[in-house]
Number of protein chains: 2
Amino acid sequence: MEKREKRLEKIIRILKMNNASTVQELAGELDVSHMTIRRDLEVLSGQNMVRIIHGGAVLIPESFEDKGESSYSLLTAGAVKTEEKRRIGKKAAGLIGEGDIIIIDSGSTTEYLARFLPDDLNLTVLCFAMNILKEIAGKRDIKIIFSGGVFHENTLMFESPEGIALIKRNRATKAFISASGVSEKLGVTCSNTYERETKRAAISSSLKRYLVVDSSKFGKVQSDHFAELEDFHYVITDSGISGEYKGILKELGLGLYIV
Amino acid sequence: MEKREKRLEKIIRILKMNNASTVQELAGELDVSHMTIRRDLEVLSGQNMVRIIHGGAVLIPESFEDKGESSYSLLTAGAVKTEEKRRIGKKAAGLIGEGDIIIIDSGSTTEYLARFLPDDLNLTVLCFAMNILKEIAGKRDIKIIFSGGVFHENTLMFESPEGIALIKRNRATKAFISASGVSEKLGVTCSNTYERETKRAAISSSLKRYLVVDSSKFGKVQSDHFAELEDFHYVITDSGISGEYKGILKELGLGLYIV
DNA sequence: AAGATACTGTTATAATATTAACAAAACATG
DNA sequence: CATGTTTTGTTAATATTATAACAGTATCTT
């Protein structure tokens, strides 16, 4: 039970490097029999981490996305509100225009934004999370600025005073910010203290600010406050948003995109 | 000739979505025989785009593409001194010990170092290149610090004043630095001006400095000087190094690892 | 330490994929 | 439109991989 865990992790690691591997290779690398590898792969397959093909196994691309509790979470299915997040991200990408300089916050919703980012608009993108970077690095003709720092596994975000300084020095036309909680009375919150200053810097350096959150976040409160609702110009969310919060946003003069 | 091109593109697109696919699937999807797919895959394999495995093909991750340490190597596309770089990287990884804080420079040789990095030594890794980050992000129990900035496509490196400040603020036990040229008279050089200050910061923040270069770099000079040979304590290279340079390094009191 | 349980390795057999050689079709060119 | 060339499809023989059943080993519990 303990040894298998280690093997499974190693297998995932090898697959992450090569996208795929053969049963033979894995058996050789881990010094176990073919059957053991096959049985391991069955487990990983059952968790939707890999896809077994004749001769080996392929890492399922989605397994990169499901950030969360750990870098590779066996038990967490991930996939909360995935379809909504996808639609929100697509909508946000559609709002981007020629020559825009955009800041993309960390988060799984913003990851979809990054994925749907058009690559023919002469864009500059500033970001600070691993998953966002991965999505953008594949695209052509996008100028990438990454503000670094210490890596935080649970959010895939990098953070440091120097990174914050870099963001403050830059200027963006649009910032797409995520949040863990959006409350009328207590403002916009995230769940890790280290996120705070980076998010604030992103907001302060941008002309237009978009809050991208799925509807489950409205009414929620997390520990760290980083902005007021009024700091944003637009909110992009899914149709699950309550009438109450629709009214609140309208009252505050925020533009609302519902997908 | 025309039709094949289109098929090859489609195959790549399918692989990019799934990382890999089977011959059967591809044959069904493109409505051609499995032999045609096999022949197509052979072509793609010859271009180092995919890796053929029993039953299908796997997309080769970008990090494997050899974007060399100098501009001219872009033309000599692909595997230059790959095996040597691999061995050098492996050797360098073997020199790392429990609790080390290491800085890994950009480059393809250092990419192998990152790949072979042990993951059970409670390490801290500071880096600033995409390919290095990709390798390390997969590993567990490694503290990652990334100094960001503007992305440079040809070297996969990020660079900015804030990134340099971040490196200078940190302290490392070992730095593994690459170079495009190593000359007795003119010192250690790289081929892009933007690399200079980052490399200098890496050197200045590290206790022990290792120069990791394949033997073809000795005697070469590139445009940007960033260090003297004496700034390093060890050199790791392959057996192609000339007797002359062996002598020079010995004279200067540098440790020499030949793999 | 004994017994139960889970894990791993070894086979023989079944299923699937690869190769090579040839035939058919599509294509280009004079 | 005939001919040489390239591309694609078909087939049978060959090679590789998958499966299942069982035996051995390790691990855990009491």
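The analysis underlying the following values was restricted to heavy atoms, covering all of them including side chains, and did not include hydrogens, waters or symmetry mates. In what follows, every chain begins at residue 1, and chains take the letters A, B, ... in the order their sequences are listed.
Within the nucleic acid shown, A:I53 comes within 4.0 Å of sugar-phosphate atoms alone, with no base atom in reach, counting heavy atoms only.
Here D:dG9 is the nucleotide among C:dA17, D:dA20, D:dG9 with the atom lying nearest to any side-chain atom of B:S33. Residue B:M35 has its side chain nearest to C:dA20 when only D:dT17, C:dA20, C:dT10 are considered. When each of C:dT8, D:dT16, C:dG9 is scored by its nearest atom to the side-chain atoms of A:R7, the top-ranked nucleotide is C:dT8. Candidate nucleotides D:dT8, D:dT17, C:dA20 were compared by shortest atom distance to the side chain of B:T36, and D:dT8 ranks first. Distance from the side chain of A:R39 is smallest to C:dT8 among C:dT8, D:dG9, D:dT17.
Rounded to an integer number of Å, the gap from CG of A:L8 to P of C:dC7 is 11 Å. When rounded to the nearest whole Å, the span between CD of A:E25 and P of D:dT17 equals 10 Å. The CG atom of B:D40 sits 10 Å away from the P atom of D:dG9 (whole-angstrom rounding). The CD1 atom of A:I37 sits 10 Å away from the P atom of C:dT8 (whole-angstrom rounding). Rounded to an integer number of Å, the gap from B:H34 NE2 to C:dT19 P is 11 Å. Rounded to whole Å, the distance from CG on B:L41 to P on C:dT19 is 11 Å.
Looking at which nucleotide of DNA chain D each of B:D31 and B:H54 is closest to, the 5′-most match is held by B:D31.
Contact check, B:Q24 against C:dA17: a side-chain N or O comes under 4.0 Å of OP1 or OP2.
Under the 3.5 Å distance criterion, the side-chain polar atoms of A:S178 are matched with a main-chain donor or acceptor of A:S106. Between the side chain of A:T110 and the main chain of A:D105, a donor-acceptor pair closer than 3.5 Å is present.
Legend: residues meeting salt bridge (Lys or Arg N to Asp or Glu O under 4.0 Å) with A:E42, ordered by chain and number and at least two apart, are absent. For A:F176, the ring pair (Phe, Tyr, Trp, His ring centres under 6.0 Å) partners two or more places apart in sequence, or in a different chain, are A:Y210.
Judged by a 6.0 Å distance limit and a 45° cone about the ring axis, B:K85 is not positioned over the six-membered ring of B:Y112.
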